[in-house]
Amino acid sequence: MCHVIVTCRSMLWTLLSIVVAFVELVAFMSPDWLLGLPRPEPSSVGIREYRPTLGLYSRCLHIGTHGVGVSCGPYAGTFGEVASKFWQAAMLFLAAGTLVLGCVACISIFTLCFQSIKKKSIFNICGLLQAIGALLLMVGLMLYPAGWGSEKVIMFCGMEASPFRPALCSLGWAFYAAIGGTLGTFLCSVLSAQAEIATSSDKVQEEIEEGKSLICLF
């Protein structure tokens with residue numbers, strides 16, 4: 001019989017697991033990892049500057065009359081055309097970590113009804129997977145700035161760009177979002193143990209023995 005068990009700690013873990021997976025996916029796909037070298041563009045009030053953005057495999061540039069349009073899309077047609085070997089490696093680690101988080105996010109929804117598989121806690125399994133996912137993400141984020149010396153980044157950031165030194169570029173929101181998602185993933189890994197404790201407490205067992213199928217504890 002399926003017992004739907006909802007506690008503050010298990011619900012917090014489930015929601016946070018979904019949020020961090022979504023944040024990492026959005027950050028991975030975003031072109032806003034680096035804000036490029038300021039570039040002039042004509043406007044109705046004269047010349048103004050705008051900053052193109054460069055992601056792991058995509059970029060955004062202003063196009064059209066007076067810069068009224070923005071063109072965003074992949075700059076690399078194939079994986080081998082990604083800006084540097086370091087970024088290729090970073091993409092692999094980030095994609096693997098995001099995939100793990102996505103799987104855990106899906107599984108976390110089912111923990112409301114199933115808390116164990118073959119007497120093994122799903123929360124503990126998911127917590128271990130989240131720790132592995134966070135480590136993969138961390139490695140990817142460490143590899144990313146090593147690729148700032150590539151020709152693509154130099155074109156965006158100036159000749160002084162080098163590994164771990166973006167020169168005239170600045171970091172975009174996607175990079176910070178990926179860092180925040182990684183820290184949140186480590187937190188999820190810790191919270192998974194608390195969620196397991198909350199859903200297997202004596203109070204929960206008492207309500208199961210009373211025949212309740214929906215158990216809410218706050």
Side-chain angles (χ1 to χ4, degrees), residues 1-30 33 56-57 79 86-147 173-209 212-218:
M1 180 179 179
C2 176
H3 297 281
V4 178
I5 303 175
V6 180
T7 69
C8 287
R9 283 176 285 181
S10 65
M11 184 57 67
L12 176 61
W13 173 78
T14 297
L15 293 176
L16 190 57
S17 296
I18 295 172
V19 169
V20 295
F22 181 75
V23 168
E24 290 294 344
L25 177 61
V26 172
F28 181 83
M29 298 177 64
S30 172
W33 283 71
L56 293 167
Y57 63 91
F79 183 73
F86 287 108
W87 281 19
Q88 292 175 8
M91 286 180 64
L92 291 176
F93 279 101
L94 291 171
T98 302
L99 179 61
V100 171
L101 296 190
C103 292
V104 173
C106 294
I107 296 172
S108 69
I109 298 174
F110 294 98
T111 59
L112 295 174
C113 192
F114 302 99
Q115 291 77 42
S116 63
I117 298 178
K118 294 183 178 180
K119 297 182 179 182
K120 293 184 178 180
S121 171
I122 296 180
F123 295 105
N124 291 340
I125 295 173
C126 288
L128 176 60
L129 290 174
Q130 286 175 324
I132 294 172
L135 289 175
L136 291 171
L137 294 172
M138 188 171 66
V139 172
L141 290 172
M142 292 173 64
L143 288 169
Y144 170 69
W173 67 264
F175 180 75
Y176 293 111
I179 293 177
T182 302
L183 295 176
T185 303
F186 279 115
L187 178 59
C188 282
S189 180
V190 175
L191 286 176
S192 66
Q194 294 299 314
E196 196 277 330
I197 293 172
T199 55
S200 60
S201 65
D202 292 338
K203 182 62 176 177
V204 170
Q205 296 304 316
E206 289 175 4
E207 299 209 12
I208 290 176
E209 291 174 0
K212 294 182 179 179
S213 59
L214 175 60
I215 302 169
C216 295
L217 297 177
F218 299 98

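Bear in mind that the values here come from a model prediction, so they are computed numbers and not experimental data.
- Between the side chain of S108 and the main chain of A105, a donor-acceptor pair closer than 3.5 Å is present.
- Note: L12 CG to L16 CG = 6.0 Å, rounded to the nearest 0.5 Å.
- Other residues, nucleotides and ligands place no more than 12 heavy atoms under 6.0 Å from the CZ atom of F93.
- Within the structure, every pair that satisfies the ring pair (Phe, Tyr, Trp, His ring centres under 6.0 Å) test and touches residues 118-147, not counting sequence neighbours, is listed here: W13-F123, W33-Y144, W87-Y144, Y144-W148, Y144-F175.
- In this structure, Q130 and S189 approach most closely via the heavy-atom pair OE1-N, 3.6 Å.
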CA sep, side-chain torsions, deciding dist, call: C126, S192, side chain to side chain contact (heavy atoms under 4.5 Å, CB included): CA-CA 7 Å; C126 288; S192 66; 5.5 Å; no
V20 vs C188, side chain to side chain contact (heavy atoms under 4.5 Å, CB included): CA-CA, chis, key distance, verdict: CA-CA 9 Å; V20 295; C188 282; 4.2 Å; yes
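- Expressed to the nearest 0.5 Å, how far OG of S121 lies from CG of L128 amounts to 11.5 Å.
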N/O donor-acceptor pairs under 3.5 Å from side chains in residues 136-143, not counting sequence neighbours:
none

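- Across M91 and F28, no two heavy atoms sit closer than the pair O-CE1, 3.6 Å.
- Looking only at side-chain heavy atoms (C-beta outward), L94 and L56 come within less than 4.5 Å of each other.
- Judged by distance alone, the side chain of T98 and the main-chain N or O of A95 form no donor-acceptor pair under 3.5 Å.
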Side chain to side chain contact (heavy atoms under 4.5 Å, CB included) between M11 and L15, worked out: CA-CA 6 Å; M11 184 57 67; L15 293 176; 4.1 Å; yes
Donor-acceptor pairs under 3.5 angstrom involving side-chain atoms of residues 176-186: please list them, not counting sequence neighbours.
unit_1	atom_1	unit_2	atom_2	d
T182	OG1	E24	OE2	3.4
T182	OG1	A178	O	2.8
T185	OG1	G181	O	2.7

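- Atom CD of E196 sits about 11.5 Å away from atom OG1 of T111, to the nearest 0.5 Å.
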Steps toward side chain to side chain contact (heavy atoms under 4.5 Å, CB included) verdict (L25, L101): CA-CA 9 Å; L25 177 61; L101 296 190; over 6 Å; no
